[in-house]
**Student:** 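Below: one structure in structure tokens.
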Amino acid sequence: MTQTYDTELKLFINGSWRTGEGRDEHAVLNPATGDTVAALPLATPADLDEALAASAKGFQEWRATDVEARGAILHKVASLIRERTEAIATLLTLEQGKPLVEARGEVASSAALFDYYAEEAKRAYGRVLVRPTGQRSIVIKQPVGPTATFTPWNFPVYLMTKKLAAALAAGCSVIAKPPEETPGCTSALMRCLIDAGVPANVAQLVYGVPDMVSRHLIGSPTIRKISFTGSIPVGKHLMRLAADGAKRITMELGGHAPVLIFDDCDLEKTLDMVVPQKFRNAGQVCVSPTRFYVQRGIYDRFVEGFAARTRQLVVGNGMDADTKMGPLANSRRPDAIDALVEDARTKGARVLTGGVRGNQGFFYQPTVLADVPLDANVMSNEPFGPVALMRPFDTFDEAIEQANRLPYGLAAFGFTENGRQANMLGDALESGMVGINSFAISVPDAPFGGVKESGFGSEGGPEGLDSYLVTKAIHQA
Ligand code: NAD
């Protein structure tokens, strides 16, 4: 298996792949070692203007393409992604750090989503209302227009896919700005699109200084829709930019997922599920289970079982076959997590395991904090890293109050064998997704998105397609 970072990084604008040619560059690092592996060219304002002009043309071409033909191309994208899994997953692990097996899973999910939207594209249904007078009201759905997408580094391939697959299915052209930290795997994804037959000016790829690129694209009258996945502060900033042009937006922002563990749960089975989920992608997951509220009767056993399993995790380079958790994705993350852990420790949390950095690259040991006081910063600020927080509770109502106390609401989880309690959890938890005895909450055919400050709009399912469509009512006498 090749362990070398073997790709030339380029922009894809107006039908051609563009290399350095005097552009500023960004150093791409391998987070397992901290070494620079490649130089990424950054788009200039002139590049973005060219992309915008091409996107306007591409939209007219793509919206006029028969939906069956669009669907066939998207199925072909899925096939190419599957054929190229090993190459894409290797780039992903080398620049993001996650274990190769997780990278392969991410690539497989991306292929599945292209297949889903290839079919869902055919279901952008309208309706006809017939009046006794003979007048008809015809409601149709049309693609919203050229779209700009901004995606983060934690699931660079899958999150870019969520936007591109739905936008292309709806008939929109797209300018994608994936993260500068992980450009190899996202370029490889864009090559699948182009090689499958997506017309050159329909899908374009730019990297750059994020603030310059987002201001330029969102400020252009060409762009009619913005879709962003990332942090809440950046999301709010982009919403303000979009407001100037009254543009449609989808915002998938952070969360701080509560996990309610009731004393009637299957304890060993629950522990076997939650520990790998907590440390998947080193906890850099917007729906990562983070605040564990455990009913007092099983609190000590749960906390000890969790810490014991955590100590057994093999932390290492994502390219090594036995690695269960890789490094964090960039140098900002260990600093941020260290500060949160130190704050919690100072305020009285017990560090049962972890709480230290690795000695090379951007590693941070999987960390379990028990009895974390509510005033610890980490109880209110998403750690976005390998940190599990434990607190006991007594009653159902108290657990719900704790779970819902933050201004976020992306995902929430509950573990109980009591069916009535499970139903009550589904109703009471304030979040876009609720997993009960399950973490399988990101699937192609169901909506994924947050409430409260976690954002609005959904990706996945018919709702994801709808977010790239506008509704028009035609009244005909
Ligand atoms: P950040 O806020 O600097 O950036 C978050 C993402 O937004 C990155 O992908 C970045 O490239 C992009 N970005 C930043 N400024 C931008 C701008 N002006 N215009 C367009 N895009 C811009 O934070 P970070 O250090 O990269 O990540 C840390 C925090 O981000 C985490 O704590 C987590 O809360 C959040 N995050 C959330 C998700 C998610 O899936 N919801 C993914 C990654 C990061």
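Just so you know, ligand 1 is whichever comes first in the structure, and atom 1 is the first atom listed for that ligand.
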**Student:** Identify the closest protein heavy atom to atom 3 (O) of ligand 1: which residue and atom is it, and at what distance?
**Tutor:**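 Of the protein heavy atoms, V234 CG2, 4.5 Å lies nearest.
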**Student:** Regarding K324 and the six-membered ring of F279, is the cationic atom NZ or CZ under 6.0 Å from the ring centre and inside 45° of its axis?
**Tutor:** no
**Student:** Against heavy atoms of T229, which atoms of ligand 1 measure under 4.0 Å?
**Tutor:** 39 (C), 40 (O), 41 (N)
**Student:** Where is the nearest protein heavy atom to atom 24 (P) of ligand 1: which residue, which atom, and how far?
**Tutor:** R332 NH2, 3.6 Å
**Student:** At less than 4.0 angstrom from any non-hydrogen atom of R333, what atoms of ligand 1 do you find?
**Tutor:**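 This gives 28 (C), 32 (O) as the contact atoms.
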**Student:** Who's the nearest protein heavy-atom neighbour of atom 43 (C) of ligand 1, and how far?
**Tutor:**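 Looking only at protein heavy atoms, the one closest to atom 43 (C) of ligand 1 is P152 CB, 3.3 Å.
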**Student:** I'd like to know if the side chain of Q360 and the backbone of A32 have a donor-acceptor N/O pair within less than 3.5 Å.
**Tutor:**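 Confirmed, Q360 side chain pairs with A32 backbone.
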**Student:** Relative to ligand 1, is F228 under 4.0 angstrom through side chain, backbone, both or neither, heavy atoms considered?
**Tutor:**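 Just the side chain.
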**Student:** Within a distance under 4.0 Å of any heavy atom of T151, pick out the atoms of ligand 1 and give their elements.
**Tutor:** 9 (O)
**Student:** What about S214: any of its N or O atoms under 3.5 Å from an N or O on ligand 1?
**Tutor:**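 Among all N and O atoms of S214, at least one is under 3.5 Å from an N or O of ligand 1.
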**Student:** Note the single closest protein heavy atom to atom 34 (O) of ligand 1, along with its residue, its atom name and the distance in Å.
**Tutor:**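 Minimum-distance protein heavy atom for atom 34 (O) of ligand 1 reads E382 OE1, 2.6 Å.
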**Student:** Return yes or no for this condition: an N or O of S231 is under 3.5 Å from an N or O of ligand 1.
**Tutor:**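 By distance alone, the answer is yes.
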**Student:** Give a yes or no on this: more than 12 heavy atoms of other residues, nucleotides or ligands lie within 6.0 Å of atom CD of E401.
**Tutor:** no
**Student:** Suppose I only count heavy atoms of H237 and a 4.0 Å limit; which atoms of ligand 1 are within that range?
**Tutor:**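 Numbered from 1, ligand 1 contributes 18 (N).
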**Student:** For D375, is there an ion pair with K347 - N to carboxylate O distance below 4.0 angstrom?
**Tutor:** no
**Student:** What do you reckon, does N330 have a nitrogen or oxygen under 3.5 Å from a nitrogen or oxygen of ligand 1?
**Tutor:** no
**Student:** If I take atom CZ from residue R191 and atom CD1 from residue I88, how far apart are they, to the nearest 0.5 angstrom?
**Tutor:**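 Separation between the atoms: 11.5 Å.
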**Student:** Which atoms from ligand 1 have a heavy atom of E252 less than 4.0 Å away?
**Tutor:**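 Every atom of ligand 1 under 4.0 Å from some heavy atom of E252: 41 (N).
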